[in-house]
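Quick note: numbers below take in every heavy atom, side chains included, and nothing from hydrogens, waters or symmetry partners. Sequential numbering from 1 along the given sequence is applied to the chain's residues.
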Amino acid sequence: MFVGSLELDVLLGDVHSLKQKRSVVRPVVAELRRRFEVSVAEAGHLELHRRALIGVAVVAADAEHVRDVMAACERLVAGRPELELLSARHRLVGPEDD
């Protein structure tokens, strides 16, 4: 079993409140969940209205599949015009990492 985690630090565009932030971040989280069948949540920068940290988790039997899904999630977020992807941090844990 391989477990991948992906942290996506994003800057939001013309957002002036936490309510507006939620209206931008929630659809992205929902699309990642629906499209890639991953666990995903807004996991940081909760008090800032122009920043968000989106956490994604992937579990699979094959390390390459985990890497592919994380890369596809990163591309989807990077391609959203209302967001600017500041950084992406990938981690992969496998059976040899005890």
Side-chain angles (χ1 to χ4, degrees):
M1 177 178 74
F2 293 88
V3 179
S5 68
L6 173 62
E7 291 180 1
L8 301 165
D9 190 4
V10 296
L11 180 65
L12 307 175
D14 191 28
V15 173
H16 301 289
S17 70
L18 293 175
K19 186 176 180 179
Q20 285 180 321
K21 174 185 178 177
R22 282 192 306 273
S23 72
V24 172
V25 173
R26 279 187 179 166
V28 174
V29 167
E31 184 175 1
L32 287 166
R33 186 177 291 130
R34 184 186 77 253
R35 203 159 170 195
F36 300 109
E37 296 181 357
V38 295
S39 294
V40 59
E42 183 180 357
H45 305 309
L46 299 175
E47 70 290 345
L48 302 175
H49 66 273
R50 291 207 58 226
R51 292 276 300 273
L53 184 68
I54 299 172
V56 179
V58 183
V59 178
D62 178 22
E64 192 60 34
H65 179 69
V66 171
R67 285 188 198 96
D68 290 345
V69 170
M70 288 192 301
C73 289
E74 181 180 348
R75 282 192 305 274
L76 183 138
V77 171
R80 297 291 293 243
E82 70 274 20
L83 306 174
E84 179 183 343
L85 182 59
L86 300 175
S87 68
R89 184 172 181 195
H90 297 248
R91 289 190 206 114
L92 181 66
V93 178
E96 65 281 351
D97 296 321
D98 287 335

Spacing of [atom1] belonging to [X] relative to [atom2] belonging to [Y], to within rounding of 0.5 Å:
| X | Y | atom1 | atom2 | result |
| --- | --- | --- | --- | --- |
| R35 | C73 | CZ | SG | 9.5 Å |
| R75 | R80 | CZ | CZ | 15.5 Å |
| E64 | L92 | CD | CG | 9.5 Å |
| L11 | E82 | CG | CD | 12.0 Å |

Taking the side chain as everything from C-beta on, heavy atoms only, tell me whether [X] gets closer than 4.5 Å to [Y].
| X | Y | answer |
| --- | --- | --- |
| V58 | L6 | no |
| V3 | M1 | yes |
| H16 | D14 | yes |
| D9 | R51 | yes |
| L12 | V25 | yes |

Minimum heavy-atom separation for [X] and [Y], please, with both atom names.
| X | Y | result |
| --- | --- | --- |
| A72 | F36 | CB-CE2, 3.5 Å |
| K21 | A52 | CE-CB, 4.0 Å |
| G55 | A43 | N-CB, 4.2 Å |
| F2 | G94 | CD2-CA, 3.5 Å |

Q: Using modelled atom types only, decide if a donor and an acceptor are shared between the side chain of R50 and the backbone of G13 within a distance under 3.5 Å.
A: yes
Q: Would you check if the side chain of R33 reaches a backbone N or O of V40 as a donor-acceptor pair within less than 3.5 Å?
A: yes
Q: Could you walk me through whether L8 and L83 pass side-chain contact (heavy atoms from CB on, under 4.5 Å), step by step?
A: CA-CA 11 Å; L8 301 165; L83 306 174; over 6 Å; no
Q.
I'd like to know if L85 and V29 are part of one continuous hydrophobic network [Ile/Leu/Val/Met/Phe/Trp/Tyr, side-chain heavy atoms within less than 4.5 Å].
A. yes
Q. Above 12 or not: heavy atoms from other molecules or residues under 6.0 Å from CD of E37?
A. no
Q) So, are R26 and E42 salt-bridged, with charged N and O less than 4.0 Å apart? A) no
